[in-house]
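Just so it is clear: chains get the letters A, B, ... in the order the sequence lines come, proteins before strands, and each one is counted from 1.
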Amino acid sequence: MFDSLTDRLTAAFRRFTAKGALTEADVDAGLREVRLALLEADVQYKVARDFIARIRSRAVGVEVLQSLTPGQQVIKLVHDELVQLLGGETTRLTYQPRPPTVILLLGLQGAGKTTTTVKLALLARREGHRPLCVAADLQRPAAVEQLRVLATAQEVPLVGPSPDTRTPAAVAARGVREAERLGCDVVLVDSAGRLHLDEPLLEELRAVRAAVPVGTAVLVVDAMTGQEAVNVATAFRDQVGVDGVILTKLDSDARGGAALSMRAAAGLPILLCGVGERPQDLEPFHPDRMARRILGMGDVVTLVERAQAQVDREGAAQMEERMMAGRLTLDDFIAQLRQLRQLGSLESVLDMVPGGRALLRGGGAAVPDEGQLRHMEAMVLAMTPAERRRPEIIDASRRRRIAAGSGTTPPEVSRLVKGFAQMQGMMRSLGGARGRRQLAGMLRGGGLLPGWDRPGR
Amino acid sequence: MPAAPEPGGGAALEAASRERRWWGRVTGRLDRAGQAFAAQIRERLPLGRGLDDEFYDALTDVLIASDCGVAVAEGLVEGLRVRARAKGLRQAADAVAALQAEMAQSLVTRPRELRLVGAPAVCLVVGVNGVGKTTTVGKLAHRLVQDGRRPLIAAADTYRAAATEQLRVWAQRAGVEMVAHRPGADPGAVLFDAITAARARDRDVVLVDTAGRLHTRQNLMAELGKLVRVAARQVEGGPQEVLLVLDATTGGNALSQARTFQEVAAVTGLVLTKLDGSARGGGLLQIEAALDLPVKLVGVGEALDDLGAFDPQAFLEALFRGVGEPAAT
């Protein structure tokens, strides 16, 4: 995600870092690039303008221009300001001290409300609660059925419309009663989407709010939304009331400017992000990490955290250490692939590993499906221990043997080996003297680039 | 002239007048977009002044705020500068009027009719999650029935929970038969069966609803490639249409979506949905310009007949209504 914004910012920063000293004109020229990059990323034009104005007023200050590394100073300013714009501290979804906690999901059509409802239910369960889903989208054909299928698959109780509860408000009220009866303490209410806020929808939502004690109203927003994002957010905020935003489809290549605009222009905190199609694919939103991600580093911290949540801590620590040292063997690689498959959609995980995509491209299709993973595993298992440690010794004859032993073809073997070498190169460059300090610092929550302080809060 | 039975004539005229009535109705809904655009221009452009850099910069911002994207916005403004110099325009208001002409030029005439000639013609409806593919298939089926065609719907979204149920509701509304398999079935097999069924039941169009897939998911995109191959193998010249559905509220990412889908599935046209939900129309200019793909259909609501052929002229008139002078008709 955010790849293109990263590219643009990188290009803009190269101008700064190429020179020792900056003039005001240099700063303006570079900031113009930053502004265009933000606009291209769908950041609302007003937000982008204010952002640039803030950077400029600080960048042309005496201390920056006269410092030894003005380029880096400006980059640091952009980073800090980006973190600020994204919301500073992490905001969490909270539960009511007295159950039930009623969470109402709002949003435009197609934003992903129904899918997110089930994702939230699973999150609540992971955090030790007992969730119940309410299907109160009575507009879209089969929306109730969709939620029923998803909730049932996760064994989450569901309340839908019945002959005597035909309005969303009545369904929601019955949901809360059912939750009490079943001992569920978190009630997630899926609501109907609209293209924009019209009177019938407003009345429907107000009626739901009147019928049940909504603790948190969550606006579900597609990360690919354009300049309209701010209008959507402010309209729902002012007319229905919104406590926070869940950003969906962040596993797309959306540059995600909507996240920046909604936080900065509508003042709504981003609570969580949807990062895949599976019900588990919901993650906390970390403004500081997102900013770093925008600036071009794989989000190793989130990866490690996710690993800790689902794999044993020891394994995660080992993985972290090996990744940082750039000392992966093919054995590790297979062990990791096996672990990674438990972690979340493989693509979202690999996106966070520096060079992860390149590895997969080297390994055949850009993203392997389960079948390809099995092939990769078979190839490694057909190798001798020495080959696994030092894949570079694999010659044509060894390739033929491995291919025969694993039921694959020699070209497939060489693709795997080539892809692995690329990843190691990537890891090594990260694990080199400077890179290792950066990565280690990043993992400890320190600065991103050499010479940086801890990002300001 | 051969005296073949003439399907055109009266029917074509009727279709044309239906289209005009439809745009008449839609224009009302697009007022929101038009008003937003007009308000932007009134608020943000120094209209009383001459044509200086400040005016052009502000105009660029207005266009970017309409989701035109930076490149298209700058291109339009550059074109306008040239036009203003050539015509000796001095007033900001005149330049804004000329902008409409500039935009019209960027929406150059592209063939926007659906080409659904085949035995049967296969029309794939593709796109990322949540853009309105299923709804579009339902509305398009209705539209084709109105045009005297005999469509059949293939429920090839076997992934999303209850997608088939949702599509069945639309198929019933449109009065069109549907071929479906069990959840999780191979979409290619659904398409194969649908084509076979269409031949057996004398249907002339197979409308294929596909699973939403983020364009960054290469394995899902590969599956889409397979659907295209099934269509190509089973029907000569198939798939006749591959319609990429885009959400009008999407920003710059629409371009990225369109590029990827174009690579995998040779998109033949675009369907822009939720156009009434967006206070923006600029995305459309950007996509047409960058990809050289025609917007063939636009969706503006939730009713069965809320899908129409895209008419650039009517669209621009709706966008510019209320800007400066009363809109020219």
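- Using a 4.5 Å heavy-atom threshold, the side chains of A:R140 and B:T135 count as separate.
- Contact of B:Q172 with chain A is not made at all, since no heavy-atom distance falls under 4.5 Å.
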> Is there a side chain to side chain contact (heavy atoms under 4.5 Å, CB included) between B:E302 and A:Q109 once you walk through the steps?
Replying inline: CA-CA 10 Å; B:E302 296 165 52; A:Q109 289 170 339; 3.3 Å; yes
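- No donor-acceptor distance shorter than 3.5 angstrom exists from the side chain of B:N253 to the backbone of A:M224, with no hydrogens or angles considered.
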> Would B:D61 and A:K46 satisfy salt bridge (Lys or Arg N to Asp or Glu O under 4.0 Å), going step by step from the backbone distance to the final call?
Replying inline: CA-CA 9 Å; B:D61 278 1; A:K46 282 184 200 153; over 6 Å; no
> Can A:D251 and B:L214 be said to form a side chain to side chain contact (heavy atoms under 4.5 Å, CB included), step by step?
Replying inline: CA-CA 8 Å; A:D251 49 331; B:L214 288 181; 3.2 Å; yes
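- When A:P141, A:A142, A:A143 are compared by the number of non-hydrogen pairs under 4.5 Å with chain B, A:P141 comes out ahead.
- Here the side chain of B:D67 pairs no donor or acceptor atom with the backbone of A:G226 at under 3.5 angstrom.
- Atom CD of A:Q146 sits about 5.0 Å away from atom CZ of B:R160, to the nearest 0.5 Å.
- At distances below 3.5 Å, at least one donor-acceptor pair connects side-chain atoms of A:K249 with backbone N or O atoms of B:N129.
- For chain A, the nearby part of B:A71 is the backbone; its heavy atoms alone come within less than 4.5 Å.
- Annotation: salt bridge (charged side-chain N to carboxylate O under 4.0 Å, His left out) contacts of B:E165 (sequence neighbours excluded): none.
- Taking CD of A:E228 as the reference point, atom OG1 of B:T250 lies at 11.0 Å (rounded to 0.5 Å).
- Heavy-atom distances place the side chain of A:R49, and not its backbone, under 4.5 Å from chain B.
- Within 6.0 Å of CD on A:E155 lie no more than 12 heavy atoms contributed by other residues, nucleotides or ligands.
- Looking at B:R168, neither its backbone nor its side chain comes within 4.5 Å of chain A, counting heavy atoms on both sides.
- A distance of 11.0 Å separates CG in A:D42 from CD1 in B:I64, rounded to the nearest 0.5 Å.
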